[in-house]
Structure formats: structure tokens, C-alpha cells
Amino acid sequence: MKVHLVDGTFELFRCFFGAPRATVADGREVGAVRGLLQTLAALLRQDDVSHVAVALDQAMAVAPRGPVPAGAGPNRAIAGQHGLAVEAVRALGLVAWPLVKRYEADDALATAAARYRGEAEQVVICTTDKDLLQCVVGERVVVLDRIRKRVTDEAGVRARFGVRPEQIPDYQALVGDPSDGLPGVPGWGGKSAAAVLARYPTLEAIPADAAEWEVEVRGAARLAEALRVRRREVLLHRDLGVLRTDVPLRDSLADLRWEGADRPALEALCAELEDDSVLERMPRWR
């Protein structure tokens with residue numbers, strides 16, 4: 001039995017930019033939620049999908065409903081659909097985790113992966129977010145890129161980055177990640193970071209003086225100096241990248257079992273979205 005943990009924040013953004021834009025009679029934009037329903041329905045039609053939860057960031061739970069003013073940017077247009085997105089997940093009969101307060105969707109996914117990996121045959125985290133690669137454990141916890149249909153297990157993390165999954169935050173703090181606003185350390189690239197982290201498992205373990213390094217790296221003195229100058233900043237970025245595994249999720253593994261869509265709720269939502277095409281694609285009703 002597999003558990004599929006879906007990055008709902010990513011899915012909603014992907015549908016906003018990938019699905020056709022659409023508005024309903026009262027002027028609200030709903031194209032992203034229509035797309036979200038379709039992509040989750042496609043997931044549910046797969047034979048090996050039986051236990052599912054969808055994590056959504058705080059804005060999805062608290063964003064106001066109503067028309068988005070003309071000319072508003074994409075973030076505002078997406079925020080206007082967050083409440084409907086939570087309704088869509090629940091109407092499909094899936095567990096929704098709309099995170100509030102100090103937790104984020106990534107933290108919920110990491111917590112769930114750690115919690116359920118001992119009970120399930122496999123935990124599949126559905127996302128393209130590299131941060132969640134730190135959760136990978138052997139072939140027991142993997143990350144699925146549904147767009148490219150690519151599964152990354154621990155061997156895949158090592159092949160791609162040259163580090164162990166738990167070292168991903170240290171690696172990204174050194175190399176940088178524009179999508180997360182991480183500048184990295186000047187001069188450090190993937191090869192140098194992987195080589196150094198292969199010998200020193202954490203940033204704290206890397207000697208400040210390159211003369212003490214027990215690994216051959218081109219330009220070691222320059223790299224060591226750049227890290228020394230920015231050490232405090234880099235450690236902060238690394239710590240911010242470490243996902244929490246203590247989110248107080250209430251659901252047991254049994255609670256995640258998908259029994260089918262809630263027909264009255266889904267039909268009402270489709271009427272609000274003015275699109276009922278997903279109804280004929282539902283493989284099961286409860």
C-alpha cells in the first residue's frame with residue numbers, strides 16, 4: 001500500500017499557469033481550481049492510489065472569496081482561488097491540510113512522510129520542490145514529479161546532487177537556489193559542494209581553513225574564505241531549509257484511505273465553478 005502526499009500549493013500554481021483562465025458569472029476567476037480538480041481526479045484514477053492527503057499553505061485557508069480586481073497580479077488571482085481549492089480537495093473525498101500559523105505545506109508533507117513511512121509500503125511525495133528531497137529514505141519515501149513522471153529515490157538524489165537526502169539543505173545553502181531566494185556562496189557549485197559534503201556531512205563540520213580540508217577541491221582556499229565570510233548567513237539559510245517533522249497532524253494512516261468523492265459536495269462545487277466535466281471522470285463515489 002502506498003501513501004500519496006500531494007503538494008497542493010504547487011498544484012494550484014501549476015494549474016493557474018497551465019490551465020485555461022476562466023471566470024464565472026459573478027466575475028470570480030476559477031480556472032486554477034478547475035485544473036486542480038482535473039489533475040487530482042487523474043491521480044485518483046491510478047490503480048496504486050489508495051491513501052491520499054493534500055497539503056495547502058496558509059493563504060489557501062484564509063484568502064477571501066470574491067472577484068479579483070482587473071489588472072491584479074497572478075499572486076492575487078491565485079489567492080482568490082485558495083478557499084475554493086480547499087473545498088475542491090474535500091469534495092473529492094480527500095484529506096486536506098490547510099496549514100495555519102507557523103507551519104507550511106512542506107512541513108506537513110515532511111511530517112507525514114516521517115509518520116507514515118513505517119506503516120506504508122511506500123510514501124510518495126508529489127511535488128517538484130527540491131526541498132522535499134531531504135525527506136527521501138531509500139525506496140521507502142520517494143518524490144514524484146508528476147509532470148515529468150519521474151520518481152526520485154535515495155539513489156536518485158545521490159546521482160543528481162552527489163549528496164545524501166538529509167544533506168540537501170546544506171547543499172542548497174552552499175550552491176544557492178533562485179526559486180527559494182537562496183543566493184548561495186560565491187564560487188561554490190554543485191561539484192565542489194558535493195565533494196566537500198562527502199567528507200564533511202554538515203556545514204558546521206567544514207574546517208574554516210582550507211589547509212585542514214581532507215578532500216581535493218579546485219580553488220579550495222578561495223572557497224573556504226568565501227564560506228568563512230558568509231558562514232552565519234549560510235547557516236541561517238540552511239536552518240530555514242530544514243523541514244519540520246512536528247506538525248500536529250491529526251489524521252492516522254487509515255484516515256487517508258480514499259473511499260470515493262462526496263457526490264453532493266462535488267456537484268455543488270462544480271455548479272459554482274460552472275464546469276461539471278470532472279464528474280464523469282470520477283472512478284468512485286462514497
Side-chain angles (χ1 to χ4, degrees), residues 5 7-10 13 55-60 62 75 79 97 99-115 125 127-137 141 143 152 154 157-158 160-215 217-249:
L5 306 174
D7 183 348
T9 302
F10 163 72
F13 272 76
L56 307 112
D57 278 314
Q58 178 179 0
M60 295 189 180
V62 301
N75 287 343
W97 292 325
L99 279 298
V100 296
K101 297 183 180 179
R102 62 187 182 277
Y103 301 111
E104 296 184 355
D106 287 357
D107 298 317
L109 295 171
T111 297
R115 176 183 298 181
I125 306 174
T127 187
T128 62
D129 188 341
K130 293 193 294 293
D131 290 346
L132 283 154
L133 291 173
Q134 66 189 267
C135 302
V136 169
V137 178
V141 180
V143 170
T152 302
E154 187 164 344
V157 174
R158 289 176 177 270
R160 182 177 174 187
F161 298 98
V163 299
R164 301 190 304 274
E166 64 268 24
Q167 292 178 297
I168 287 293
D170 299 81
Y171 176 91
Q172 293 197 138
L174 286 173
V175 175
D177 184 354
S179 65
D180 280 343
L182 295 179
V185 181
W188 285 80
K191 290 184 178 179
S192 55
V196 173
L197 290 172
R199 173 61 184 84
Y200 304 104
T202 65
L203 295 175
E204 291 90 341
I206 302 173
D209 187 348
E212 299 177 16
W213 286 10
E214 298 176 356
V215 58
V217 180
R218 184 176 181 179
R222 174 174 50 84
L223 295 176
E225 176 61 15
L227 179 57
R228 185 193 66 79
V229 170
R230 294 168 175 80
R231 181 173 290 269
R232 180 178 297 179
E233 174 187 344
V234 172
L235 289 173
L236 174 61
H237 289 160
R238 189 278 310 277
D239 292 345
L240 290 173
V242 176
L243 299 179
R244 301 182 61 162
T245 57
D246 61 348
V247 178
L249 303 175

Not counting sequence neighbours, which residues clear salt bridge (charged side-chain N to carboxylate O under 4.0 Å, His left out) with [X]? List them please.
X: D107; result: none
X: R231; result: none
X: E225; result: R228

Grab the two heavy atoms, one from [X] and one from [Y], that are nearest each other, plus how far apart they are.
X: L174; Y: L203; result: CG-CD2, 3.6 Å
X: Y200; Y: A205; result: CD2-O, 3.3 Å
X: P201; Y: Q167; result: O-NE2, 3.1 Å
X: L132; Y: I125; result: CD1-CG2, 4.2 Å
X: V163; Y: V157; result: O-CG1, 3.7 Å
X: A108; Y: L249; result: O-CD1, 3.7 Å

Give, for atom [atom1] of [X] and atom [atom2] of [Y], the distance between the pair rounded to the nearest 0.5 Å.
X: L109; Y: T245; atom1: CG; atom2: OG1; result: 12.5 Å
X: T128; Y: D7; atom1: OG1; atom2: CG; result: 7.5 Å
X: D246; Y: Y103; atom1: CG; atom2: OH; result: 5.0 Å

Side-chain donor-acceptor pairs of residues 184-199 under 3.5 Å, sequence neighbours excluded:
{"unit_1": "W188", "atom_1": "NE1", "unit_2": "L223", "atom_2": "O", "d": "3.1"}
{"unit_1": "S192", "atom_1": "OG", "unit_2": "G189", "atom_2": "N", "d": "3.0"}
{"unit_1": "S192", "atom_1": "OG", "unit_2": "G189", "atom_2": "O", "d": "3.1"}
{"unit_1": "R199", "atom_1": "NE", "unit_2": "E214", "atom_2": "OE1", "d": "3.0"}
{"unit_1": "R199", "atom_1": "NH2", "unit_2": "E214", "atom_2": "OE1", "d": "2.3"}

Can a donor-acceptor pair be found, under 3.5 Å and without considering hydrogens, that links the side chain of [X] to the backbone of [Y]?
X: E104; Y: L99; result: no
X: E233; Y: R230; result: no
X: T111; Y: V247; result: yes
X: D57; Y: A105; result: yes

Quiz item: Going through the checks in order, is the side-chain contact (heavy atoms from CB on, under 4.5 Å) test met by R160 and L133?
Solution: CA-CA 11 Å; R160 182 177 174 187; L133 291 173; 4.2 Å; yes

Practice problem: Using the side-chain contact (heavy atoms from CB on, under 4.5 Å) rule, take C135 and L243 through it: C-alpha gap first, then chi angles, then the decisive distance, then the call. | Solution: CA-CA 8 Å; C135 302; L243 299 179; 4.1 Å; yes

Quiz item: Can you name the one residue among D106, D180, D177 that meets salt bridge (charged side-chain N to carboxylate O under 4.0 Å, His left out) with K130?
Solution: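 Among D106, D180, D177, the one that satisfies the salt bridge (charged side-chain N to carboxylate O under 4.0 Å, His left out) with K130 is D177.
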
Self-check item: Verdict with reasoning, R238 to L235, per side-chain contact (heavy atoms from CB on, under 4.5 Å)
Solution: CA-CA 5 Å; R238 189 278 310 277; L235 289 173; 3.7 Å; yes

Quiz prompt | Pairing residues for Q134 by the side chain to side chain donor-acceptor pair (under 3.5 Å) criterion, not counting sequence neighbours | solution = none

Self-check item: Listed once per pair and sorted, the ring pair (Phe, Tyr, Trp, His ring centres under 6.0 Å) pairs that draw on residues 162-185, sequence neighbours left out
Solution: F161-Y171

